Amino acid sequence: MRILADNPITATVPFDRDGKHHGFLRLPCSRDSSAWGSIMIPITVVHNGPGPTALLSGACHGDEYEGPIALQGLAHDLEPAAVTGRVIIIPYMNLPAFQMARRVSPLDGVNLNRCFPGAPDGTPTQKIADYFERTLLPLADVVLDFHSGGKTLDFIPFAAAHILNDRDQQAACVAAMKAFNAPYSMILKEIDDVGMYDTAAENAGKVFVSTELGGGGTATARSARIARQGAENVLIHAGILAGEATQNKSVEIDTTGPGCYHLAETTGLIEPLIDLGEQVSAGDALARIWPADRTGVAPQVIASSVSGILAARHFPGLISMGDCLAVVASPVQ
Ligand code: ZN
């Protein structure tokens, strides 16, 4: 077995001392703009005695904003007296990507949510992954990682839990997802789960919840409110905060069946025919894709393979072959 080196990241905050501590995860990174510099990833630890630990993160992808907004607010507002146990808050998990409003890191081109378990002697993004894998995840009982669609996708707002081999763990994750109380709750099977933070947290036996709360490279007042309330609901569910979680209606949906994902097989101009949250029947047209370089040619019509509601859509007006055009989710009976 390969012996891993120590991770070069050091925390400027204590994880085991009561109180509220704002600081940084300091990642040494020698680069053109800073010879002996470090990347300073903000972190807040709010700790009050024994109890469970929640690990909350946003901007695993740097162009997704609901998590960072909710977590900046929580880091500012949360006081130790309100907490039983510990809350670790990292609003900008992939800080270099966040600062450039990019999905992947500008330093190495690596997608943080596809490079777990990372490597302590790898690229900057791999080092961040390794720090979460071997230092932060072992501290946590419940893990909430915020996502949205970024610049290229837009979603109906949902919290998600995955299908897992361990049925008890899956039930605990589903209960935490329901506690988040987004307008939609999704049982999810990833297209490709290798290297995901989600998978790392689940393999470590943690109660894990992720979200997709919007997209298009921005947040809305509604999606930001859902994020903040959801974070507090999960902390209440975990026994870390007192009070009552909201119990608004949440529509249960899943995308585990075949045919939910619709990819473009041509390149061009999208004419949407269905909006997010609307119902479709199998065979209904979701969109037309018109040629971007000529008139007089019929569009390609993308029909839904399944019945359900439009849960995700390509956000930019232009699409390329192989891009995800639409995800149609099935309501859970
Ligand atoms: Zn994401």
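Quantities reported herein were computed from a predicted structural model and do not represent experimental measurements. Each ligand, and each atom within it, is numbered from 1 in the order the structure gives.
More than 12 heavy-atom neighbours from other residues, nucleotides or ligands sit within 6.0 angstrom of CG on Asp293. Other residues, nucleotides and ligands contribute only 12 or fewer heavy atoms inside 6.0 Å of the CG atom of Asp6.
For the Zn ion (ligand 1), the N/O/S atoms of Glu64 include one lying under 2.8 Å. Note on Cys60: not counted as a metal contact of the Zn ion (ligand 1), no N/O/S atom lying under 2.8 Å.
The pair Glu64-Arg103 meets the salt-bridge criterion, since a charged nitrogen lies less than 4.0 angstrom from a carboxylate oxygen.
Nearest to the Zn ion (ligand 1), among the N, O or S atoms that His61 has, is ND1. If you look at His147 and ask which of its N, O or S atoms sits nearest the Zn ion (ligand 1), the answer is ND1.
Each of Asn111, Asn113, Asn94 was evaluated against His61; a single residue qualifies, Asn111, per the side chain to side chain donor-acceptor pair (under 3.5 Å) test.
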